[in-house]
Amino acid sequence: STGHAGPSALVHGGPVLNGTGARAYSYHLAPHTVALSFDDGPDPTWTPKVLAILAREHVPATFFVVGAHVASYPSIVRQEVRAGDAVGTHTYTHANLASAGWRLPLELTLTQNALAGAAGIRTDLLRPPYCSTPDALTAQDWQAYRRAARSGFAATETARAGAGSMGMARRSPLTAALPMAPSGGG
């Protein structure tokens with residue numbers, strides 16, 4: 001994304017951005033805490049493998065799902081929910097929210113509808129596609145996040161390394177057990 005930085009308190013804050021109230025703020029994770037999250041699924045090849053490893057290691061995760069994939073693979077979302085994992089939205093078509101314009105509420109609503117149909121759930125977690133770390137937040141990103149917040153969503157970014165990371169730890173029994181998957185674009 002391009003443009004001027006978003007609000008200073010968020011740019012220099014934690015990876016969970018909450019703009020649902022009158023004053024925006026961010027959350028940091030507790031020291032020595034790792035939050036595992038997976039984007040762009042559900043994927044019929046990789047997600048069941050990841051779920052099996054998470055279950056074997058007794059590790060919870062958050063899956064930020066693409067609504068069109070939820071519609072195609074609803075049983076995988078039901079597996080995520082049954083396993084006790086959190087599910088958030090990654091939009092319906094993996095749209096860049098900063099440039100989505102009129103499509104932004106449609107992307108969020110369609111994903112909520114897909115989640116309701118697949119697993120009987122709603123979510124208030126949003127990982128915007130193409131997001132990065134809070135210090136990369138632009139004014140356009142923040143404007144899109146505020147629009148999503150009006151529908152009750154809190155946005156998550158990826159934390160800077162060593163900052164109470166939202167993402168995957170580099171060295172652990174879990175990450176050693178995970179197969180190497182192709183990297184997505186956002």
Side-chain angles (χ1 to χ4, degrees), residues 6 10 13-29 33-44 46-48 50-52 54-55 58-132 134 137 141-159 166-168 184 186:
L10 301 180
V16 180
L17 313 178
N18 191 330
T20 58
R23 181 178 145 105
Y25 55 94
S26 67
Y27 299 96
H28 287 278
L29 298 175
T33 301
V34 175
L36 280 175
S37 62
F38 299 90
D39 296 354
D40 300 337
D43 178 270
W46 292 106
T47 307
V50 169
L51 284 168
L54 293 171
H58 306 286
V59 175
T62 302
F63 290 87
F64 290 96
V65 297
V66 174
H69 297 174
V70 172
S72 295
Y73 309 108
S75 64
I76 299 174
V77 176
R78 287 192 291 274
Q79 289 175 347
E80 293 168 355
V81 171
R82 268 196 311 272
D85 295 309
V87 176
T89 181
H90 203 46
T91 75
Y92 195 80
T93 64
H94 203 270
N96 183 339
L97 295 183
S99 60
W102 63 268
R103 288 187 9 246
L104 187 148
L106 182 63
E107 291 277 342
L108 299 175
T109 299
L110 287 172
T111 304
Q112 290 285 36
N113 290 346
L115 288 169
I121 63 168
R122 289 186 48 80
T123 186
D124 58 1
L125 296 174
L126 166 66
R127 164 92 32 90
Y130 312 104
C131 73
S132 178
L137 184 69
D141 294 330
W142 178 238
Q143 183 178 10
Y145 297 2
R146 287 294 294 199
R147 287 183 64 207
R150 286 186 220 126
S151 297
F153 287 96
T156 67
E157 298 275 341
T158 303
M166 185 78 174
M168 189 179 298

For the student: nearest non-hydrogen atoms of [X] and [Y], plus distance:
X	Y	answer
Ala95	Arg103	CB-NH2, 3.1 Å
Glu80	Pro42	OE2-CB, 4.3 Å
Val77	Ala119	CG1-CB, 4.0 Å
Ala114	Val70	O-CG1, 3.5 Å
Gly152	Asp124	O-CB, 3.4 Å
Arg78	Ala118	NH1-O, 2.8 Å

Validation row: [X], [Y] side chains within 4.5 angstrom (heavy atoms):
X	Y	answer
Thr123	Gln112	yes
Ile76	Val65	no
Leu36	Leu54	yes
Val50	Phe63	yes
Phe38	Asp85	no

**Request:** Spell out, as yes or no, whether a donor-acceptor pair under 3.5 Å connects the side chain of Arg122 to the backbone of Ala116.
**Result:** no
**Asked** Side chain of Thr111, backbone of Tyr92: donor and acceptor closer than 3.5 Å?
**Response** yes
**Message:** Checking Thr93 against Glu107: is there a side-chain donor and acceptor pair closer than 3.5 Å?
**Reply:** yes
**Item:** His90 versus Asp40, side-chain donor and acceptor atoms under 3.5 Å
**Value:** yes
So how far is it from [X] [atom1] to [Y] [atom2], rounded to the nearest 0.5 Å?
X	Y	atom1	atom2	value
Leu108	Thr91	CG	OG1	7.5 Å
Thr109	Leu104	OG1	CG	9.0 Å
Thr62	Asp39	OG1	CG	10.0 Å
Tyr73	Asp43	OH	CG	7.0 Å

